[in-house]
Amino acid sequence: MKFEPHDQFEQRQKKLEAIQALGFEAFPREFRWTHTAADIVREYGNMAAPELDAAKPGVSLAGRIVSYRLMGKAGFAHLQGAGKRVQVYVKKDVVGDRGFQLFQLLDLGDHIGIRGHLFRTKTGELSVWVEELFFLSKALLPLPEKWHGLADVELRYRMRYLDLISTEKSRQVFETRARIVRELRKFFEARGYIEVETPMMHPIAGGATARPFVTHHNTLDINLFLRIAPELYLKRLTVGGFDRVFEINRNFRNEGISTQHNPEFTMLEFYEAYSNYRDLMDLNEQLFAQVAQAIAGSTKVKYGDVELDFGKMERLSMREAIVKYWPEGAGTPPTVQELAAPGGAQRATERYNQWAKANHAEYAAAKGNLADGEWTGLLFETIAEDKLVQPTILYDFPTEISPLSKQKPEDPALTERFEIYVAGMEIANGFSELNDPAEQERRFLAQIARGGDEVPKQLDVDYIRALAHGMPPTAGEGIGIDRLTMLLTDSHSIRDVILFPQLRPEGKPEEGQAGQAAGKA
RNA sequence: AGGGGCGUAGCUCAGUGGUAGAGCAGCGGCCUUUUAAGCCGAAGGUCGUGGGUUCGAUCCCCACCGCCCCUACCA
């Protein structure tokens, strides 16, 4: 074992030996505490010095030493637990020679337990008058600098444990994330949903358009894909009679990494039989308002320099959004009817691109030959997506880009699908589920014919067969938990809401990496 | 993948074409109500890596490695 900084590591090992020489165990097994730091602050935070002196409330407390001031024959330290800290005061003539020798051998980062009573110091800080000290664990490596903490973002991600100790804001983000997940479970359980877990390893990576990770099962000798979505399994469950199901778990997509993308990310997916996409839109308005209220205490949430209002959601069809956010100066906006006409979306996009070229605006670059619906999707993403800052339900997606959604009865070019956008990010995606097995097969085959590595190579016959056994009319949706957490914690990088975000492995690339056999690209 | 930025002590950061600095942490000493404790003393560095220019490079140039941001793919 050899870690930087060697000198401090060795120094602390010597101290640990000295602590053992005093008769303390190096790695004790337990400490029976009576109060947490939070308990002490909550119960005695407002008690004045004379009251404390009269009552001398007894406490046993454990925690990590995060500040340490030794002054000859007495000293102070702060013990931190679960983000809260309490000062302790250690006096040689109270704790005795052995106890004080132990105190002198402590370092920032060590865990100790103390028994004593509460009092206030001259300067008024609520503190524990230590009567007995218990050694609990040595930090052989030092903590980050006590005032600035850990500022290097790379170190914060790689050594998250240090970030959690020294950056209170970071702790809170992950506590909030846990509360968000709890609220979501409460919301769905209150509506009669049951939570399930479906496979993460799929023989066919379906349910979304994305490049999958491939792995291999030795005994079966088959390749498997880490799931890109749980969708097709959850819908098998609605066939099976689970009329209201949800799953909160990871998806894996072998694509770019950015402030909004991590290769593994957490989705809530839920399916509700006998409902359609309009029902889900209504449900979402309640859901987002309720979660925001529970987490932020208001439906209005500060995100950067804007205030997001989850109390109401604008609803726009995709074509309406294109018309609404058509840039000024790019000529007359197309009408919804023009966009709906054959070739209309392409003509509008070309018109937009002429303007974009001349004005150095974002260009709508089409890859290959696009169908009408793909043009519509492309144009929307180019001119409107990042304008959708306030929570917006965008609905009626083209059929060509929605292979799992049910078509609108009055217009088969469109599906009953919506997405929720907030702060320019896609947060949710839901639709009336396509449950016609023949139509589903036709769409899958069309996808496969089109090709590309974001699309399965083979038909998911098992899924079609499940549909053929009869799936009730169902609406389903996925919500990105990481992005939702970003919104509710004012975080602007997905890495700040994922405990251990994906980074390049440390050290030399050729050493011991899993994918070495693949060689250089 | 393309563009921009960053990389100096364990941590947070200064700095200069002439052999490297502070604060915190650590070490020795003093200090029994401090709180970014204080005071005295000593220590700590292949200035990301490898080339090049130069009498001389941490600094200038090139390549590579890593991280961050933007763009592209995507949720």
Side-chain angles (χ1 to χ4, degrees), chain A residues 3-12 14-15 49 66-78 85 87-95 100 103 107-109 119-125 127 129 139-159 162 166 207-211 228-229 251-267 269 362-363 365 367 381-382 385-386 419-421 425-429 452-454 478-484 486 492-496 501 503-510 521:
Chain A
F3 296 106
E4 292 283 335
H6 305 307
D7 55 336
Q8 294 194 38
F9 189 81
E10 282 161 19
Q11 197 60 242
R12 287 169 182 231
K14 278 183 201 151
K15 285 183 180 177
V66 291
S67 81
Y68 178 82
R69 296 174 293 285
L70 180 63
M71 295 166 302
K73 297 185 180 62
F76 289 91
H78 279 94
R85 46 180 69 182
Q87 180 171 261
V88 301
Y89 179 51
V90 180
K91 241 159 82 95
K92 186 177 184 182
D93 52 16
V94 176
V95 299
F100 202 72
F103 186 68
D107 285 294
L108 288 176
F119 76 111
R120 279 192 192 278
T121 61
K122 265 185 194 169
T123 51
E125 178 165 349
S127 307
W129 182 278
L140 294 171
L141 290 169
L143 254 33
E145 201 252 4
K146 64 183 177 188
W147 190 242
H148 299 91
L150 204 58
D152 183 328
V153 289
E154 180 181 356
L155 290 182
R156 288 185 46 219
Y157 298 146
R158 286 197 196 278
M159 296 200 272
L162 293 181
S166 58
T209 17
R211 277 143 61 196
I228 56 173
N251 290 341
F252 306 86
R253 298 190 183 173
N254 204 341
E255 282 162 356
I257 295 177
S258 77
T259 46
Q260 293 171 38
H261 303 264
N262 194 62
E264 52 181 299
F265 63 102
T266 302
M267 286 263 291
E269 275 207 19
E362 194 187 338
Y363 192 79
K367 296 172 304 178
E381 281 165 21
T382 309
E385 185 171 11
D386 60 341
E419 290 187 344
I420 297 176
Y421 286 85
M425 287 191 290
E426 183 188 332
I427 302 297
N429 177 17
D453 47 359
E454 297 180 342
I479 298 179
I481 300 300
D482 312 281
R483 290 182 179 178
L484 178 60
M486 288 169 68
H492 295 259
S493 170
I494 202 166
R495 282 178 278 256
D496 292 325
L503 301 175
R504 262 193 187 73
E506 252 183 308
K508 292 168 188 146
E510 69 268 21

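Each chain gets a letter, A, B and so on, in the order the sequences are listed, and its residues count up from 1.
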Between atom CD in A/E426 and atom P in B/C73, what is the gap in whole Å?
14 Å

For the student: nearest non-hydrogen atoms of A/A229 and A/E269, plus distance
CB-OE2, 4.1 Å

How many Å lie between CD on A/E154 and C1' on B/C69, as a whole number?
15 Å

A/L162 CG to A/L143 CG distance, which is reported to the nearest 0.5 Å
6.5 Å

Of A/D93, A/V94, A/V95, the residue whose pairing with A/F100 passes side chain to side chain contact (heavy atoms under 4.5 Å, CB included):
A/V95

Distance between C1' atoms of B/U12 and B/G18 (Å, rounded):
29 Å

P-based separation of B/U58 from B/G48 [nearest Å]
9 Å

Can you measure from OG1 (A/T121) to CD (A/Q87) and round to the nearest 0.5 angstrom?
6.0 Å

As its Watson-Crick or G-U partner within any shown strand, both distances under 3.5 Å, B/C30 has B/G38

Whole angstrom value for the distance that separates P of B/G10 from CG of A/L162
15 Å

For B/C69, take OP1 and OP2 only and decide whether either is under 4.0 Å from a side-chain N or O of A/S493.
yes

Euclidean distance, A/R158 CZ relative to A/L150 CG, rounded to 0.5 Å:
12.5 Å

Nearest-Å distance, CD1 (A/I494) to C1' (B/C69)?
16 Å

Measure the spacing between CG of A/D482 and CE of A/M425 and express it to the nearest 0.5 Å.
10.0 Å

From CG of A/L150 across to C1' of B/C13 the rounded distance in Å is 14 Å

Any strand, both distances under 3.5 Å, Watson-Crick or G-U wobble: B/C64 pairs with B/G48

Of A/I257 and A/R495, the one whose closest nucleotide on RNA chain B sits nearer the 5' end is A/R495

Please classify the nucleic acid contact of A/G75 as base, sugar-phosphate, or nothing, using heavy-atom distances under 4.0 Å.
nothing

Scan every strand shown for a Watson-Crick or G-U wobble partner of B/A22, both distances under 3.5 Å, and answer none if you come up empty.
B/U12

Under 4.0 Å, counting only non-hydrogen atoms across every strand here, what does A/G480 touch: a base, just sugar-phosphate, or nothing?
nothing

Suppose you measure atom C1' in B/U46 against the same atom in B/U8; what distance do you get, rounded to whole Å?
12 Å

Considering all heavy atoms, the nearest A/A74-A/K91 contact
CB-CG, 4.1 Å

Rounding to a whole Å, what distance do you find between A/L155:CG and B/C6:P?
19 Å

When the C1' atoms of B/G38 and B/U19 are considered, how many whole Å apart are they?
35 Å

Expressed as a whole number of Å, how far does the P atom of B/A57 sit from that of B/C68?
33 Å

Heavy atoms only: give me the nearest A/R483-A/E426 pair and the separation to one decimal.
NH1-O, 2.8 Å

Check the phosphate of B/C70 against A/T259, side-chain N and O only, distance under 4.0 Å to OP1 or OP2. Yes or no?
yes

Distance, P atom - from B/C67 to B/A75, rounded to whole angstrom
24 Å

Can you tell me how far C1' of B/C13 sits from CG of A/D152, to the nearest Å?
12 Å

Report each atom pair, protein N/O against N/O of nucleotides 32-34 of chain B, whose distance is under 3.5 angstrom.
residue, atom, partner, partner atom, Å
B/U32, OP2, A/K73, N, 3.3
B/U32, O2, A/K91, NZ, 2.9
B/U32, N3, A/D93, OD2, 3.1
B/U32, O4, A/D93, OD2, 3.2
B/U33, O2', A/K122, NZ, 3.3
B/U33, O2, A/K122, N, 2.6
B/U34, O2, A/R69, NE, 2.6
B/U34, O2, A/R69, NH2, 2.8
B/U34, O2, A/Q87, OE1, 3.4
B/U34, N3, A/Q87, OE1, 2.8
B/U34, N3, A/Q87, NE2, 3.1
B/U34, O4, A/Q87, NE2, 2.5
B/U34, O4, A/T121, OG1, 2.8

Expressed as a whole number of Å, how far does the P atom of B/G50 sit from that of B/A9?
16 Å

Can you tell me if the side-chain N/O atoms of A/R253 get under 4.0 Å from OP1 or OP2 in B/C73?
no

d(A/D496 CG, A/Y157 OH) to nearest 0.5 Å is 3.5 Å

With a 4.0 Å cut-off on heavy atoms, is A/N262 in touch with a base, just the backbone sugar-phosphate, or nothing at all?
base

Side chain to side chain contact (heavy atoms under 4.5 Å, CB included) with A/R12: of A/K14, A/E10, A/Q8, only one passes, and it is A/Q8

Using a 4.0 Å heavy-atom cut-off across all strands, classify A/A210 as base, sugar-phosphate, or nothing.
nothing

Sticking with atom P, work out how far B/C11 lies from B/C47, rounded to a whole angstrom.
16 Å

Name of the residue among A/Y68, A/Y89, A/F76 meeting ring-ring contact (aromatic ring centres under 6.0 Å, His included) with A/F103:
A/Y68

Who is the Watson-Crick or G-U wobble partner of B/C59, with both distances under 3.5 Å?
none

Grab the two heavy atoms, one from A/S166 and one from A/P144, that are nearest each other, plus how far apart they are.
OG-CG, 4.0 Å

Counting primed atoms, P, OP1 and OP2 as sugar-phosphate and everything else as base, the B/S/- map of nucleotides 20-30 of chain B against protein heavy atoms under 4.0 Å is ---BBBSS---

Measure the distance from CG on A/D386 to P on B/A75 and round it to the nearest whole Å.
16 Å

